[in-house]
Amino acid sequence: FCQDITTPIKVLDIGAGYGTDLSIVQKHHPVAQLYAIEAFISFQQNLKDNGITVYGIDIEKGVLPFEDNSIDLIICNQILEHCKEIWWICHEITRVLKPGGTFIIGVPNLASFHNRLLLLIGKQPTCIKNNSAHVRGYTKNDIIKFLNTGFPSGYQLDSFYGSNFYPFPRRIAMLLAKIFPKMAVGIFFKFTKSTKEYNN
């Protein structure tokens with residue numbers, strides 16, 4: 001993310017869970033200031049024990065407790081599929097993310113190979129089963145369109161990856177996800193926020 005690891009940066013993980021993604025950031029950028037939004041009390045304590053500043057707010061209606069244009073990197077991994085109010089969430093993310101800042105998204109892929117097969121035989125895709133906690137399904141093109149039509153100041157897609165590939169064994173799945181990321185089980189995006197002024 002940042003070549004100069006001696007430069008302090010502010011990193012926010014929305015729905016941080018156990019803090020796995022933040023620990024990866026800290027490993028590669030030891031002077032990063034780490035922040036987490038996490039609603040579950042047990043996760044909050046674990047994050048605090050690891051030196052992470054934690055806020056327990058409802059991201060679907062709460063205001064992120066940061067100044068405009070103040071965060072260098074925002075991670076939102078395996079969160080948006082659980083949320084209805086993605087307009088508000090992404091408004092708040094866009095508000096607090098610095099111009100030129102990085103926004104990383106990870107979501108289950110509605111257009112994965114195994115979901116396409118399931119639909120072909122008349123079955124529900126696994127990422128949006130009605131008896132699960134998921135309320136939205138995403139594809140690569142849909143995420144890009146949403147960010148760039150909903151937030152016209154703009155996001156530039158820097159990189160896109162896929163992870164896992166059902167129903168294949170691990171080694172084959174890793175290869176297939178690399179070759180066909182748009183058909184992988186999970187899809188991951190690295191966006192850069194435009195330097196144009198965001199007008200809410």
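Note that this is a predicted model, so its numbers are computed, not measured. We're numbering straight along the sequence, starting at 1. Atom set for the values below is all heavy atoms of this structure, side chains included, hydrogens, waters and symmetry mates excluded.
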Residue pair [X] / [Y], side-chain heavy-atom distance below 4.5 Å:
| X | Y | answer |
| --- | --- | --- |
| Phe103 | Lys193 | no |
| Ile37 | Pro65 | yes |
| Tyr55 | Leu64 | no |
| Glu81 | Tyr138 | yes |
| Cys83 | Arg136 | no |
| Gln78 | Pro108 | yes |
| Cys127 | Asn109 | no |
| Ile187 | Pro181 | no |

Item checked: Sole residue of Leu34, Asn77, Ile104, Val11 in side-chain contact (heavy atoms from CB on, under 4.5 Å) with Asp21 -> Asn77
Checklist line | Sole candidate of Lys129, Lys123, Gln124 that passes side-chain contact (heavy atoms from CB on, under 4.5 Å) when paired with Thr126 | finding: Lys129
Taking the side chain from [X] and the backbone from [Y], do they hold a donor-acceptor pair closer than 3.5 Å?
| X | Y | value |
| --- | --- | --- |
| Trp88 | Gly62 | yes |
| Gln44 | Glu38 | yes |
| His82 | Ala133 | yes |
| Glu60 | Lys84 | yes |
| Asn46 | Tyr18 | yes |

Next item on the list: Enumerate the residue pairs fulfilling salt bridge (charged side-chain N to carboxylate O under 4.0 Å, His left out) with a member in residues 92-101, sequence neighbours excluded, ordered by first and then second residue.
Entry: Asp68-Arg95, Asp72-Lys98, Glu92-Arg95
Margin query: Applying side-chain contact (heavy atoms from CB on, under 4.5 Å), can you list everything that pairs with Lys182, at least two apart in sequence or on another chain?
Written below: Lys140, Asn141, Phe160
Can you hop from [X] to [Y] via hydrophobic side chains spaced under 4.5 Å?
| X | Y | result |
| --- | --- | --- |
| Leu176 | Met183 | yes |
| Ile41 | Ile59 | no |
| Ile74 | Phe66 | yes |
| Ile93 | Ile144 | yes |
| Ile79 | Ile57 | yes |

Item checked: OH (Tyr166) with more than 12 external heavy atoms under 6.0 Å -> no
Between [atom1] on residue [X] and [atom2] on residue [Y], distance to nearest 0.5 Å:
| X | Y | atom1 | atom2 | result |
| --- | --- | --- | --- | --- |
| Met174 | Phe165 | CE | CZ | 14.0 Å |
| Ile86 | Leu80 | CD1 | CG | 6.5 Å |
| Ile121 | Leu119 | CD1 | CG | 9.5 Å |
| Ile105 | Ile143 | CD1 | CD1 | 5.0 Å |

For [X] and [Y], which I'm curious about, is there any donor-acceptor pair between the side chains at under 3.5 Å?
| X | Y | answer |
| --- | --- | --- |
| His134 | Ser132 | no |
| Thr94 | Tyr155 | yes |
| Thr139 | Asp142 | no |

Next item on the list: Please identify each residue that fulfils ring-ring contact (aromatic ring centres under 6.0 Å, His included) with Phe146, with sequence neighbours left out.
Entry: Trp87, Phe151
